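Predicted, not measured: the structure shown is a model, and the values here were computed from it. Because only heavy atoms are used, hydrogens play no part in the values below, and waters and symmetry mates are left out as well, while side chains stay in. Here is the naming used below: chain letters follow the sequence lines, and residue numbers restart at 1 for every chain.
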Amino acid sequence: MDMELELGRLNPAQREAVMSTEGPLLVLAGAGSGKTRVITMRAAYIIHLGVPAGSIVAVTFTNKAAREMKERVGRMLETKKKPPIVSTFHSLCLNILRREIETLGYRRDFTVYDTAEQVSLLRHLLSDIRVYEKSFKPDDVLATISRIKNEFNKKTVRSESGEFDVEAFSETVFPRYQETMRSLNVVDFDDLLLLAVRLFREHPDVLERYRERFRYLMIDEYQDTNKIQYDFIRLLAGERKNICVVGDDDQSIYGWRGANLRNILDFESHFPGARVVRLEQNYRSFGNILKAANGVIKNNKKRMEKSLRTSRGDGAKVCLYRAEDGEDEAQWVAGTISRIKYEKKIPYDDFAIIYRANTLSKPFEEALRAVRIPYTVVGGTSYFERKEIKDLASYLKAIANPSDDLSFLRASSAPKRGIGATTTGKLAGLAKTHSISLYEAFGRAGEVEGVGEKAARAAAGFAALLDKYRKRFFNGSGQMGKAFRELSEEIGFNGYIGELYKSQEMALRRMENVENFIESLSRYEMAADKPTLQGFLEELALDGPPEEKKDENKNFGVVLTTFHSAKGLEFPVVFIACLEEDILPHKKSALPGEGIEEERRLFYVGITRAMRELYLTCAGSRVRYGKFVPSTPSRFLEELPAGVVRKIGRLEPESPAEEELRAKAFFARINEMLGE
DNA sequence: GTTAGTTCTGTTTTT
DNA sequence: CAGAACTAAC
């Protein structure tokens, strides 16, 4: 790549950001200001200056962002050049811990628990401590545990929602949780950061090694960092402080998850002498959209002053439609999409509908389906789709980490193999008295009094089964995929799936998932430099089960999404729906100050997704919890600057020209449907 | 150890 | 209203 030429293509602010390679740097990157371009080019530029790629670390929040950045830096570098390290916080920490955790007295072969496993562990734990059963809700407890770990602070213990006994939590539940995790040789997501920070704090020699190694740090989405992530970064930055953070305080929408807006607002005092570069040139949206965004966001007090500019013209006005009710709103959106699609001849995936909560998607799905417009709903939890994966993964986890009793237990009864609660209870007793793992206890089932011969044989047989496969997974033959498939066959996993799901169709779908999962181990084995079972499980924990090879950047049809999942995306035509009090400033977040400002930022994020056209809708009433409830328009709508908005509604009908277009679109659709 | 009936509860989500 | 989580009875 011709660096001079590439630099010449940047605007002055972007160029300054790219070329300020030494010392602390804050890049305030407004929406659509070419942020990713700047980060990627900055990495390439530092390499171009002769810095070894391995000493540059770019940290992101999501794997998707990491993949994208890796890909873009790769394209920018000469093919033979090594790429910089691009990683999420969690996987960077995991990689460090995988090498260093023994320094902290942990075993090297630890595994990572995901949220579902945390909950499951907690359930076991809470039922052990019977007294508290009712008041301790796993989600609530987990949220508290997470906050303690992320804020590095035991003083802030409080029950998140439902009240539980704070003292009992601190005295019993939390210590028990930690002890159990430790004895199972597992860590949770928060531990990855927490232990890395502890490692650095308690072992300055180790920290020094990493400071020497990671000489240039770049942090993306800095407005979303929390306390512990800040500590981690700060420790790594050391005295050299070659740290570049990129973010937009106006797009901080994860405060409720512990993100600390102060990190970005106070960057200059955290890192004295920091250079600040503002990217305010927007390359995404037309003027009226940007004016709307600016007009709204300027009502926030806690922010860094900046104002987005565009070199494009004003473009179309922002449209505001006040619908009768939710159904009317959805139909209007669907109808308008049809019309624009016909008028502009653009594909359906140029459209997005954005709303506050996943539960609001329904009416839009129905309305779109009614007129045969294809769509994809982003997000929404689909974890129930993965029981079969979790079951099978528990075998791998039990094999990789013999101390992981929970995975062992799960595997031992999926499918059922004649080891019931009674037997398990007795063996767990043995494990406890001898301080051994459940796996070892199963192996010695014959010795235990009160365990019938049949049950003992089944238990010992199961332990032996895992033993057999453990050898195959660790013999370094590169045949893990094959071993996994044989394991699945030996335990009759497909038969188990077949029984588990009533409909043939459902079962078949699950079996496909299983097949794909097994295949993904083979794929991993082929792709990785040095494939290990641990490595595969790490990818699984941090990146989720590999879905069928879908194109990440390709949508199918109109995109329906929440504000949160829309962040970072852009669409030519955007509809922001359900803009009503109690929904957009959400009832539970509308607390003055912090709360309301974050809600406003959500709106801002939504508006700035739009490139050419923006439609805002609200309804006069809507079905909520089965009842018709009157709705009032969101207070944020009043913040839209005069002159950029055009109102449409029952009382203010569309222009005849528009109605004609709508009619034409209608007939075009019918013809299209007939043609199919 | 499962399944049908009942009650409860309704943001945002990544790793 | 609808889905989850819980309870009571096979």
The criterion is salt bridge (Lys or Arg N to Asp or Glu O under 4.0 Å); which residues satisfy it with A:Asp325, sequence neighbours excluded? none
CZ of A:Phe61 versus P of B:dT13: gap in Å, rounded? 16 Å
Could you give the distance separating C:dG3 and B:dT14 at their C1' atoms, to the nearest angstrom? 24 Å
Look at the rings of A:Phe232 and A:Phe200 and say which category their plane angle falls in: under 30° parallel, 30 to 60° tilted, over 60° perpendicular. parallel
Go through B:dT13, B:dT15, B:dT12 for me and flag the one nearest to the A:Arg356 side chain. B:dT12
Between CD1 of A:Ile219 and C1' of B:dT15 the distance, given in whole Å, is 16 Å
Which word best sums up how the rings of A:Phe536 and A:Phe517 line up, parallel for under 30°, tilted for 30 to 60°, or perpendicular for over 60°? tilted
Here the distance between atom C1' of B:dT13 and atom CG of A:Asp188, to the nearest Å, is 16 Å
Nearest whole angstrom, please: distance from the C1' of B:dT13 to the CZ of A:Phe189. 12 Å
Between A:Thr62 and A:His586, which has a closest nucleotide on DNA chain B that is more 5'? A:His586
Please work out which of the three classes, parallel, tilted or perpendicular, describes the rings of A:Phe575 and A:Tyr615, given edges at 30° and 60°. parallel
OP1 or OP2 of B:dT13 less than 4.0 angstrom from a side-chain nitrogen or oxygen of A:Ser565, does that happen here? yes
Classify the ring geometry of A:Phe214 against A:Tyr210: parallel below 30°, tilted from 30° to 60°, perpendicular beyond 60°. tilted
Do A:Asp191 and A:Tyr106 have side-chain atoms, one donor and one acceptor, less than 3.5 Å apart? no
How many whole angstroms separate atom NZ of A:Lys588 from atom P of B:dT9? 10 Å
Is it true that A:Asp109 and A:Asn185 share a donor-acceptor pair across their side chains at a distance under 3.5 Å? yes
Side chain of A:Tyr625, heavy atoms from C-beta onward: which of C:dC1, B:dT14, B:dT12 has the nearest atom to it? C:dC1
Could you list the protein-to-nucleotides 8-10 of chain C atom pairs, N/O on both sides, closer than 3.5 Å?
none

Given B:dT15, B:dT12, B:dG10, identify the nucleotide with an atom nearest to the side chain of A:His564. B:dT12
Is the phosphate of B:dT2, meaning OP1 or OP2, less than 4.0 Å from a side-chain N or O of A:Lys416? yes
Rounded interatomic separation in angstrom, taking CG from A:Leu142 and C1' from B:dT13: 14 Å
Within this structure, what is the CZ-to-C1' distance between A:Phe628 and C:dC1, rounded to whole angstrom? 12 Å
So, does the side chain of A:Thr562 form a donor-acceptor pair with the base of B:dT11 at under 3.5 Å? no
Separation of B:dT12 atom P from A:Trp256 atom CH2, nearest Å, is 8 Å
Where the side chain of A:Arg123 is concerned, which of C:dC6, B:dT13, B:dT11 is the nearest nucleotide? C:dC6
Upstream residue (5' side of DNA chain B) when A:Ile253 and A:Ala541 are each assigned their closest nucleotide: A:Ile253
Side chain of A:Asn63, heavy atoms from C-beta onward: which of C:dG3, B:dG10, B:dT15 has the nearest atom to it? B:dT15
Is the distance from the ring center of A:His564 to that of A:Trp256 below 6.0 Å? yes
Euclidean distance for C1', C:dC6 against B:dT11 (whole angstrom): 23 Å
Are any of A:Asn358's side-chain N or O atoms less than 4.0 Å away from OP1 or OP2 of B:dT11? no
On the nucleotide C:dA2, are OP1 or OP2 found under 4.0 Å from the side-chain N or O atoms that A:Thr359 carries? no
Under 4.0 Å, heavy atoms only, any strand: does A:Tyr254 hit a base, just the sugar-phosphate, or nothing? sugar-phosphate
